[in-house]
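Structure record follows, encoded as structure tokens.
One-based numbering, in listed order, for ligands and for the atoms of each. Just so you know, residue 1 is the first one in the sequence shown, and it goes up from there. Note that the structure is predicted; figures quoted are calculated from it, not measured.
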Amino acid sequence: MKKIMIIDGGPRKTFNTASMLQKFAEGASSVSSQIEVKTVRLYGLDYKGCMSCMACKIKGKASNVCKFKDLLTPVLEEIAQADGLVLGSPIYFGDVTGQMRTFLERLAFPWLSYNDYSMTAPKRMPVLLVETMNGLPERNNSQGYGSMEYCITAALGEPEHLIAYNTYQVKNYNNFELGGFSEEAKRKYRDEHWEQDLQKAYDAGKRMAEKILG
Ligand SMILES: Cc1cc2nc3c(=O)[nH]c(=O)nc-3n(C[C@H](O)[C@H](O)[C@H](O)COP(=O)(O)O)c2cc1C
């Protein structure tokens, strides 16, 4: 069996980010029964960011998997052994969510060597970075995964990207103070793009599974 880990960094269980990740999972699973897909919802876990405990850097016992013990530890250990990784997050104030960033601190700090500043994960693997946002391709404030993307690229390999723009933030715009958005324009964009975005997620799942199976 080969395993793909999906890390959902959004709070909403059935909205845009979760839907994109679900489609990815369907695409990956469709390729072969040899592909196992596991989704972890960060908002369902009680965990901290890097505690700066330096346990991963102890002389003679250095580790490239986080040693701090909380509910994230088994997830980080599972990722270390996985064959593919998908990270998904809505964009909040131009960045991935705080939960995603906090997770990434725990994932990446043990990769970093302070001896030679190299970044080494236990295993390299295909990676997909997913973002969903209000912004448009030509007008958005997203820094995406920001500086963490460098760490991911160095330690795991060059990631693929998938972005869903101009998403529906609520089901019914009439019920909320969201006057800056035209629901009509949102609907038009969604009608033209959302199914394609989901299809792109499905195809990315297939592509990653096929790559893993060689
Ligand atoms: C706290 C918060 C901050 C947001 N900041 C941005 C932003 O800076 N740029 C943007 O394009 N969208 C922003 N959005 C919109 C979300 O990124 C967008 O609705 C996303 O698709 C939500 O994902 P979800 O449906 O999976 O929850 C923000 C939403 C929230 C709740």
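Other residues, nucleotides and ligands place no more than 12 heavy atoms under 6.0 Å from the CZ atom of Arg101.
The immediate protein surroundings of ligand 1, defined as residues with any heavy atom under 4.0 Å of it, consist of Arg12, Phe15, Asn16, Thr17, Pro90, Ile91, Tyr92, Phe93, Gly94, Thr132, Met133, Asn134, Gly135, Asn141, Thr167, Gln169.
Ring-centre distance between Tyr168 and Tyr173: below the 6.0 Å cut-off.
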Please output the side-chain donor-acceptor pairs of residues 206-214 that fall under 3.5 Å, not counting sequence neighbours, one pair per line with the distance.
unit_1: Arg207; atom_1: NE; unit_2: Glu160; atom_2: OE2; d: 3.2
unit_1: Arg207; atom_1: NH2; unit_2: Glu160; atom_2: OE1; d: 2.7

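Here the shortest heavy-atom pairing between Phe103 and Leu76 reads CE1-CD2, 3.9 Å.
Judged as a salt bridge (charged side-chain N to carboxylate O under 4.0 Å, His left out), the pairs with a partner in residues 164-191 (not counting sequence neighbours) are, in order, Lys188-Glu192.
The side-chain hydrogen bond (donor to acceptor under 3.5 Å, both in side chains) check on Gln143 picks up nothing, with sequence neighbours excluded.
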